Amino acid sequence: MAPLQTLLSPANIITALAVMNFLAFAAFGLDKARAQQGAWRIREETLLQLAFFGGTLGAYAGRAVFRHKTRKQPFCGRLHFIAGLQLCVAVFLVVFLW
């Protein structure tokens, strides 16, 4: 098996997605706690990057559980765009590469 195929094995992809979703979920919880304490915050760009690189489900779960960033319109629109983009890419991969 080629090195790239080994790296992109289903088990590795699932593990990476699980880690990214956990990190996104935790980041939303940490940012909410920091907001309540008036302490430093996690930048919105960082939260969106976590979603973009595979943590979308964790980001949505963190928003729901911690009730955080649910009414910030520019942020919500960007998160929805990322989710839509990922859905389109997933459909493309299933249709054309399966």
Side-chain angles (χ1 to χ4, degrees):
M1 192 178 255
L4 184 59
Q5 289 176 327
T6 303
L7 185 63
L8 296 176
S9 71
N12 287 346
I13 292 170
I14 290 170
T15 301
L17 288 173
V19 168
M20 288 306 295
N21 280 288
F22 173 78
L23 290 174
F25 182 82
F28 273 80
L30 179 61
D31 192 47
K32 175 70 176 201
R34 293 292 182 148
Q36 290 172 334
Q37 297 169 356
W40 63 269
R41 304 283 303 277
I42 296 173
R43 295 177 50 190
E44 287 186 355
E45 291 83 13
T46 302
L47 296 173
L48 291 170
Q49 286 172 353
L50 288 169
F52 181 80
F53 289 111
T56 304
L57 295 177
Y60 276 108
R63 286 180 68 213
V65 169
F66 302 114
R67 297 175 65 179
H68 188 52
K69 299 282 188 195
T70 57
R71 294 186 291 168
K72 302 292 183 185
Q73 205 43 245
F75 181 86
C76 292
R78 290 178 185 142
L79 184 59
H80 295 329
F81 176 79
I82 289 169
L85 179 66
Q86 289 174 339
L87 182 61
C88 290
V89 169
V91 168
F92 174 82
L93 292 174
V94 167
V95 169
F96 291 105
L97 299 180
W98 192 291

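Nothing here was measured: the structure is a model prediction, and the numbers come from that model.
- In the hydrophobic clustering of ILVMFWY residues, with side-chain heavy atoms under 4.5 Å counting as a link, M20 and L8 come out apart.
- Transitive grouping of hydrophobic side chains (ILVMFWY, heavy atoms separated by less than 4.5 Å) keeps F96 and V94 in distinct clusters.
- Partners of R43 according to the salt bridge (charged side-chain N to carboxylate O under 4.0 Å, His left out) rule, which considers only residues two or more places apart in sequence or in another chain, are E45.
- Under the 4.5 Å side-chain contact rule for hydrophobic residues, L87 and L57 do not share a cluster.
- The two residues A27 and L50 make their nearest non-hydrogen contact at CB-CD1, 3.7 Å.
- F75 and W40 fall within the same hydrophobic cluster, defined by Ile, Leu, Val, Met, Phe, Trp and Tyr side-chain heavy atoms under 4.5 Å apart, directly or through other members.
- With sequence neighbours excluded, no residue satisfies salt bridge (charged side-chain N to carboxylate O under 4.0 Å, His left out) with K32.
- Looking only at side-chain heavy atoms (C-beta outward), V65 and F28 stay at 4.5 Å or farther from each other.
- Under the rule for a ring-ring contact (aromatic ring centres under 6.0 Å, His included), F52 has no partner lying at least two apart in sequence or in another chain.
- Here L97 contributes atom CG and F92 contributes atom CZ; the two are 6.0 Å apart, rounded to the nearest 0.5 Å.
- Between A24 and G55 the shortest heavy-atom distance is CB-O, 3.4 Å.
- A distance of 9.5 Å separates CD1 of I82 from CZ of F53, quoted to the nearest 0.5 Å.
- Taking D31 as the reference, R41, H68 meet the side chain to side chain donor-acceptor pair (under 3.5 Å) condition, with sequence neighbours excluded.
- Applying the side chain to side chain donor-acceptor pair (under 3.5 Å) test to residues at least two apart or on different chains, the pairs with a partner in residues 79-92 are T56-Q86, Y60-H80.
- Cluster membership check: I14 does not share its hydrophobic cluster with V19, using side-chain heavy-atom separations under 4.5 Å among Ile, Leu, Val, Met, Phe, Trp and Tyr.
- With rounding to the nearest 0.5 angstrom, the CG atom of L30 is 11.5 Å from the CG atom of L23.
- Summarising the geometry, atom CG belonging to L47 is positioned 5.5 Å from atom CD1 belonging to I42; distances are rounded to the nearest 0.5 Å.
- Residue pairs that meet the salt bridge (charged side-chain N to carboxylate O under 4.0 Å, His left out) test with at least one member in residues 69-79, sequence neighbours left out, are E44-K69.
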